[in-house]
Q: 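One structure follows; several queries about it will come next.
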2 protein chains.
Amino acid sequence: MPDVFKGLADPTRREILSLLKDRDLNVGEIAKHFPISMASLSHHLNILYEARLVTKIKKGQFVYYSLNTTIVEDVILKLVSLQKKEE
Amino acid sequence: MPDVFKGLADPTRREILSLLKDRDLNVGEIAKHFPISMASLSHHLNILYEARLVTKIKKGQFVYYSLNTTIVEDVILKLVSLQKKEE
DNA sequence: AATTTATTTAGATAATATTCTAAATATCTA
DNA sequence: TAGATATTTAGAATATTATCTAAATAAATT
């Protein structure tokens, strides 16, 4: 697994993921929710993409990002396996 | 929730949590598994403690750390709520 | 083809995180 | 109580991350 936890470590990135759970969004639509430059946002999106927490697809002029639910599930499983053996 | 994701972002810290799922360990026992200084380890333990991912209890000369399963469960729930609404 | 709109990349700066050595604190044992 | 062991804290060095502005790329529109 690429570093999914690093991807989740930043609050802006978690917020992006949270937006994407409702519907796919292009970069401009995501940008409206944050007071940071496009360049910074692009950087965050890239980290999410490398962590495979999102996928992206170009539609004409726009790039749409989607939540990669599969990876979210993998993280959940990884955390479940972190739980204690017995108590 | 204090920053649990920050706590999970570092591989050394995840390894510490993984050790603790088997049994509680004191700092010296944990230290044996890592090639870093006591000071660095102590720093990591502090981050885990502040994120409430672990609890600690002093027994005489030793400080024992335990996994806080409750918080791990909270993180799992938080991730579950990150999943897509429909597909 | 020139202009506008959307997104990414380059390069710099500032903020955070990780690590270290050295010193401090606390407890145990002789 | 003096010396040994366990852990934490202070302070500094280095590495990583987040952010910015400016420039580059790509597609759409006129």
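As a basis for the values below, the full set of heavy atoms in this structure was taken, side chains included, without hydrogen atoms, waters or symmetry mates.
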Q: Test your reading of the model: is there a side-chain donor-acceptor pair from E29(A) to the backbone of N26(A), 3.5 Å cut-off?
A: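 Yes; at least one donor-acceptor contact below 3.5 Å.
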Q: Rounding to a whole Å, what distance do you find between D3(A):CG and dT18(C):C1'?
A: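 Result: 15 Å.
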Q: Rounded to the nearest 0.5 Å, what separation is found between the CG atom of L8(A) and the CG atom of L8(B)?
A: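 Spacing of CG (L8(A)) from CG (L8(B)) equals 9.0 Å.
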Q: Closer than 4.0 Å, any side-chain N/O of S42(A) to the OP1 or OP2 of dT7(C)?
A: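 No.
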Q: Between E29(A) and A39(B), which is nearer to the 5' end of DNA chain C once each is assigned its nearest nucleotide?
A: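 The residue whose closest nucleotide sits nearer the 5' end is E29(A).
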Q: How do F62(B) and K6(A) order along DNA chain D: which one's closest nucleotide is nearer the 5' end?
A: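 First, find each residue's nearest nucleotide; the 5'-ward one identifies F62(B).
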Q: Expressed in angstrom and rounded to an integer, what is the separation of E50(B) atom CD from dA17(C) atom P?
A: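 The answer, rounded to whole Å, is 12 Å.
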Q: Quick check: on DNA chain D, is the nucleotide nearest H43(A) upstream (toward 5') of the one nearest S40(B), or the reverse? Name the residue that is more 5'.
A: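 The answer here is S40(B).
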Q: Measure the distance from CD on Q61(A) to P on dA24(D) and round it to the nearest whole Å.
A: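 Nearest whole value for this atom pair: 20 Å.
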Q: Which nucleotide sits closest to the side chain of V27(B): dT7(D), dT9(D), dA27(D)?
A: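 The closest nucleotide is dT7(D).
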Q: To the nearest Å, give me how far apart CD1 (I47(A)) and P (dT19(D)) are.
A: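 Going from I47(A) (CD1) to dT19(D) (P), I get 9 Å.
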Q: Would you say R13(B) reaches dA17(C)'s phosphate, i.e. side-chain N/O to OP1/OP2 under 4.0 Å?
A: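 For dA17(C), OP1/OP2 do not have a side-chain N/O of R13(B) under 4.0 Å.
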Q: Under 4.0 angstrom, heavy atoms only, what part of the nucleic acid is H44(B) near: base, sugar-phosphate, or nothing?
A: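 The residue H44(B) makes sugar-phosphate contact but no base contact.
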Q: Tell me what D10(B) touches on the nucleic acid: a base, only sugar-phosphate, or nothing, going by heavy atoms under 4.0 Å.
A: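 The residue D10(B) makes sugar-phosphate contact but no base contact.
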Q: Give L41(B) one of three labels, base, sugar-phosphate or nothing, depending on what nucleic acid heavy atoms sit under 4.0 Å from its own.
A: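 The residue L41(B) makes no contact with any strand.
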Q: Look at the side-chain N and O atoms of N26(B) and state whether any lies under 4.0 Å from the OP1 or OP2 oxygen of dT7(D).
A: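 Result: yes.
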Q: For F34(A) and dT7(C), give me the distance from atom CZ to atom P, rounded to whole Å.
A: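 Those two atoms, CZ and P, are 14 Å apart.
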Q: Please state how far atom NZ in K32(B) lies from atom C1' in dA6(D), giving the value in whole angstrom units.
A: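 Going from NZ in K32(B) over to C1' in dA6(D) covers 12 Å.
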Q: In Å and rounded to the nearest 0.5 Å, what is the CG to CG distance from L20(A) to N68(A)?
A: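 L20(A) CG to N68(A) CG: 11.0 Å, rounded to 0.5 Å.
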Q: Just so I know, are the side chains of L45(A) and I16(A) near enough to count as touching, which here means a heavy-atom distance under 4.5 Å?
A: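 Counting from C-beta outward, L45(A) and I16(A) do come under 4.5 Å.
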Q: Could you tell me the separation between the OH atom of Y49(B) and the C1' atom of dT8(D), rounded to a whole number of Å?
A: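 Computing the Y49(B):OH to dT8(D):C1' distance gives 14 Å.
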Q: Answer with base, sugar-phosphate or nothing: what part of the nucleic acid does Y65(A) contact at a heavy-atom distance below 4.0 Å?
A: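 Y65(A): backbone/sugar contact only, no base atoms under 4.0 Å.
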Q: Check whether NZ of the Lys or CZ of the Arg K59(B) lies under 6.0 Å from the centre of the six-membered ring of Y64(B) and within 45 degrees of that ring's axis.
A: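 Yes - K59(B) lies over the ring of Y64(B), closer than 6.0 Å to its centre and within 45° of its axis.
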Q: Given atom NZ of K56(A) and atom C1' of dT7(C), what is their separation to the nearest angstrom?
A: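 In whole Å, dT7(C) C1' lies 9 Å from K56(A) NZ.
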